[in-house]
Every structure is written in structure tokens, then in C-alpha cells.
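Accompanying notes for the structure given below.
In what follows, every heavy atom counts, from backbone to side chain, and hydrogens, waters and symmetry copies are set aside. Positions are given from 1, in the same order as the sequence printed here.
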Amino acid sequence: MRKNGRKDTGIRLLIAHYKNAFRIPENLNHYSPEDYVCAEKQFIKITLRKGEI
């Protein structure tokens, strides 16, 4: 555990990594803003469970 006491730093880094992986032009240009948020959340949820992209 780090000195600042955060236990969830690893999961936050994974979420940030998967968000960046989802933000490709194909996805940005395909979804409406509302649908993009839902699709990004679903992508992150699936990749966290699976452990791979």
C-alpha cells in the first residue's frame, strides 16, 4: 500500500488505461454522446472482468 493510503490506485490505473483504449476514432465518430458514455462503461466493465482487451 502506498503512503497516501489509497488501496484502489491499481484499479483506477486500469480504468484509465481501458478508457484510452476505447477512445479511438472509430468509436468517437460512431456513437452519439449519450451512447458513447454507455458503451465506454460497458467496455470497461467487460475488460475488467476478462482481464484483456
Which atom of Arg23 lies closest to which atom of Tyr36, heavy atoms considered: CG-OH, 2.9 Å
Leu14, Ile46: one ILVMFWY side-chain cluster at the under-4.5 Å cut-off? no
Indicate the ring-plane relationship of Phe43 and Tyr18, choosing parallel, tilted or perpendicular according to the 30° and 60° boundaries. perpendicular
Ignoring hydrogens and geometry, is there a side-chain-to-backbone donor-acceptor pair from Asn29 to Pro25 under 3.5 Å? yes
Lys41 versus Lys45: any side-chain heavy-atom pair under 4.5 Å? no
Measure the spacing between CD of Glu40 and CD1 of Ile15 and express it to the nearest 0.5 Å. 10.5 Å
Closest heavy-atom contact between Ile44 and Lys19? CD1-CG, 3.4 Å
Is Ile11 reachable from Phe22 through a run of hydrophobic residues whose side-chain heavy atoms are each under 4.5 Å from the next? yes
Is it the case that one hydrophobic cluster holds both Leu28 and Tyr31, taking links as side-chain heavy atoms less than 4.5 Å apart, direct or via other members? yes
